[in-house]
Visitor: 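My questions will all concern the structure given below.
In the text below, chain A, chain B and the rest are named by the order of the sequence lines, each starting its count at 1.
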Amino acid sequence: MPEGHTIHRLAAEYHRVFGGQAVAVSSPQGPFADAAARIDGRVLTETDAKGKHLFLGFASGDWVHIHLGLYGKVFWGHGPAPEPVGQVRMRMTTAADDAYSDLRGPTKCLLVDEGEKREVEARLGPDPLRPQDTGDAAWKRISSSRTTIAALLMDQKVLCGVGNVYRAEVLFRQGVNPHRAGRSLDRAEWDGIWADLRPLMREGVRVGRIDTVRPEHTPEAMGRPPRQDDHGGEVYVYRRAGQPCLVCGTEVRTEEHAARNLFWCPRCQS
DNA sequence: TCTGGATGTTCAT
DNA sequence: TGAACCTCCAGAG
């Protein structure tokens, strides 16, 4: 589930497992082999995340820049790493050989220097998961844009880390119709979205999945039968087309919007 | 067993 | 705006 919360969680996990150690890095069957050889045996000093971009920093000054894309995944294992199965782009193993991670299917996995890392970060809007970031720069873009708020929330240059699930859910929670132009929002509406995203995504980092339903709206609280999500979290509208809205009972709608699936409740978000 | 779709980005047109 | 790229899984047949 690679939205921003997944990446920040991975940054913490890479640091917890490998931080401060000389790690073995290999690329068993991938095009990352040369880069892996360059950092193999170096000390992993820090990890960083901005939006959906993950950075693993080495004492040599090199950073591994990872973007999971739609399919990328990191598998974690204890004990000595077994023979890799399938395509593993980057395998990292502790100095003691008691833990390892396998990165599969990322859109991006390459070695960059400090300047290149800064360039990547400079292209991104503020990240709700970074405490030092504010929503001001995003508001500047949104308040002058004729593009829909649905499309703007997915534009990583406007703000970063939000994907299709958080987009659908935060707009529902704030009662904002996704088709409204950015510039039709007032500052209070944007502040509401930004202020809601922060704790929502922080909770995503903590638990490792996207839960957005307020306690008073859970199926139990509403006296409805429990539902099983196919993406591991409890949500209001994401992939719930045709189902009754948890709050008002109106059928949740879906459409393709800017080449992505959009979900909303036409009544709660009128 | 095969097909299509998916939480994302980038490049070409 | 559409295709391409990476992988996995549910559903169809």
Side-chain angles (χ1 to χ4, degrees), chain A residues 1-11 27-33 35 49-55 64-76 84-91 101-110 112 116-117 119-125 127-129 146-148 150-173 178 197 200-205 207-213 227-242 252 254-264:
Chain A
M1 291 175 262
E3 294 197 21
H5 70 299
T6 306
I7 310 309
H8 282 256
R9 194 177 162 83
L10 281 175
S27 188
Q29 288 131 357
F32 187 61
K50 181 156 187 185
K52 298 165 188 168
H53 296 258
L54 172 64
F55 299 94
V64 178
H65 174 204
I66 296 166
H67 195 294
L68 293 182
L70 196 48
Y71 320 109
K73 266 208 176 75
V74 178
F75 177 83
W76 299 89
V85 180
Q87 292 285 327
V88 175
R89 185 70 66 86
M90 181 183 75
R91 166 169 283 182
S101 66
D102 281 347
L103 168 68
R104 294 164 191 277
T107 294
K108 200 168 272 175
C109 175
L110 69 165
V112 299
E116 291 167 315
K117 173 176 183 280
E119 277 173 34
V120 172
E121 292 173 332
R123 286 200 297 270
L124 300 169
D127 181 347
L129 283 170
R146 270 178 290 198
T147 305
T148 62
L152 288 164
L153 283 178
M154 297 281 280
D155 185 341
Q156 303 296 299
K157 298 188 292 297
V158 175
L159 75 164
C160 68
V162 169
N164 211 1
V165 185
Y166 280 122
R167 163 178 79 169
E169 295 300 305
V170 78
L171 288 176
F172 178 88
R173 284 168 57 102
L197 279 171
L200 215 48
M201 294 179 71
R202 265 202 303 272
E203 181 66 5
V205 174
V207 301
R209 62 169 192 274
I210 299 177
D211 287 319
T212 60
V213 178
R227 305 178 305 182
Q228 184 55 52
D229 276 292
D230 52 4
H231 51 89
E234 188 61 40
V235 296
Y236 283 105
V237 291
Y238 177 72
R239 280 213 213 172
R240 295 218 177 280
V252 173
T254 186
E255 73 179 13
E256 199 174 301
H257 183 86
R260 303 298 299 275
N261 296 320
L262 178 62
F263 303 87
W264 79 103

Visitor: Picking from B:dA6, B:dG8, B:dT9, which would you name as closest to the side chain of A:R260?
Guide: B:dG8
Visitor: Just the atom pairs and distances: protein N or O near nucleotides 5-7 of chain C's N or O, under 3.5 Å.
Guide:
from	atom 1	to	atom 2	distance (Å)
C:dC6	N3	A:Y71	OH	3.3
C:dC6	N4	A:Y71	OH	2.8

Visitor: Rounded to the nearest 0.5 Å, what separates atom CZ in A:R91 from atom CG in A:D102?
Guide: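 It comes to 4.0 Å.
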Visitor: For A:E121, check side-chain hydrogen bond (donor to acceptor under 3.5 Å, both in side chains) against everything at least two apart and list the hits.
Guide: A:K117, A:R130
Visitor: Would you indicate, yes or no, if B:dA6 has its OP1 or OP2 atom less than 4.0 angstrom from a side-chain nitrogen or oxygen of A:N164?
Guide: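 Looking at the OP1 and OP2 atoms of B:dA6, neither is under 4.0 Å from any side-chain N or O of A:N164.
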Visitor: Measuring from A:K50:NZ to A:F55:CZ, what's the distance to the nearest 0.5 Å?
Guide: 9.5 Å
Visitor: When you get a sec, tell me which of B:dT10, B:dG8, B:dT7 is the closest nucleotide to the side chain of A:M154?
Guide: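 Selected nucleotide (nearest to the side chain): B:dG8.
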Visitor: Not counting sequence neighbours, which residues clear side chain to side chain contact (heavy atoms under 4.5 Å, CB included) with A:R173? List them please.
Guide: A:D196, A:L200, A:T212, A:R214, A:Y236
Visitor: Output all residues satisfying side-chain hydrogen bond (donor to acceptor under 3.5 Å, both in side chains) with A:T107, sequence neighbours left out; order by chain, then residue number.
Guide: none
Visitor: Roughly how many Å apart are C:dC8 and B:dT10, using the P atom of each and rounding to a whole number?
Guide: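 Pairwise P distance, B:dT10 against C:dC8, rounds to 22 Å.
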Visitor: Between atom CZ in A:R240 and atom C1' in B:dT7, what is the gap in whole Å?
Guide: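 The distance from CZ of A:R240 to C1' of B:dT7 comes to 15 Å, rounded to the nearest Å.
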Visitor: Kindly write out the residues that satisfy side-chain hydrogen bond (donor to acceptor under 3.5 Å, both in side chains) with A:E116, not counting sequence neighbours, or none if the list is empty.
Guide: none
Visitor: What nitrogen or oxygen pairs link the protein and nucleotides 1-4 of chain C at under 3.5 Å?
Guide:
none

Visitor: For A:N164, what residues pass the side chain to side chain contact (heavy atoms under 4.5 Å, CB included) criterion, not counting sequence neighbours?
Guide: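 Here the qualifying residues are A:M154, A:R167, A:Y238, A:R260, A:N261.
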Visitor: For B:dT1 versus C:dC6, give the span between their P atoms, rounded off to a whole number of Å.
Guide: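 Each nucleotide's P atom is 24 Å from the other's.
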Visitor: Give, for atom CZ of A:R209 and atom CZ of A:R9, the distance between the pair rounded to the nearest 0.5 Å.
Guide: 9.5 Å
Visitor: Whole angstrom is fine here: how far is it from CD1 in A:I210 over to C1' in B:dG8?
Guide: 13 Å
Visitor: Just jot down the side chain to side chain contact (heavy atoms under 4.5 Å, CB included) partners of A:K52, sequence neighbours excluded, or say none.
Guide: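 Scan of A:K52 (side chain to side chain contact (heavy atoms under 4.5 Å, CB included), adjacent residues dropped) gives A:I7, A:H67, A:Q156.
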Visitor: Rounded to the Å, how far apart are A:L262 CG and B:dA6 P?
Guide: 13 Å
Visitor: Between A:R240 and A:E234, is the closest basic N to carboxylate O distance under 4.0 Å?
Guide: yes
Visitor: For A:L54 and B:dT9, give me the distance from atom CG to atom C1', rounded to whole Å.
Guide: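 Spelled out: CG on A:L54 to C1' on B:dT9 is 16 Å.
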Visitor: Send over the distance from A:L159 CG to B:dG8 C1', rounded to a whole Å.
Guide: 15 Å
Visitor: Determine: side-chain N/O of A:K52 to OP1/OP2 of B:dT9, distance under 4.0 Å, yes or no.
Guide: yes
Visitor: Enumerate all atom pairs, one protein N or O and one N or O from nucleotides 11-13 of chain B, separated by less than 3.5 Å.
Guide:
none

Visitor: Take atom NZ of A:K73 and atom P of B:dG8, then tell me their distance rounded to the nearest Å.
Guide: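 So the NZ-P distance, A:K73 to B:dG8, works out to 13 Å.
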Visitor: Could you work out, with side chain to side chain contact (heavy atoms under 4.5 Å, CB included) as the rule, every residue matching A:A241, not counting sequence neighbours?
Guide: A:T254, A:F263
Visitor: Please name all residues satisfying side-chain hydrogen bond (donor to acceptor under 3.5 Å, both in side chains) with A:H65, sequence neighbours left out, ordered by chain then number.
Guide: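 Partners of A:H65 by the side-chain hydrogen bond (donor to acceptor under 3.5 Å, both in side chains) criterion, ordered by chain and then number, come out as A:H53.
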Visitor: A:H5 NE2 to B:dT7 P: how many Å, rounded?
Guide: 14 Å
Visitor: Output the rounded distance in Å from CG (A:L10) to C1' (B:dG8).
Guide: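 In whole Å, B:dG8 C1' and A:L10 CG are 15 Å from each other.
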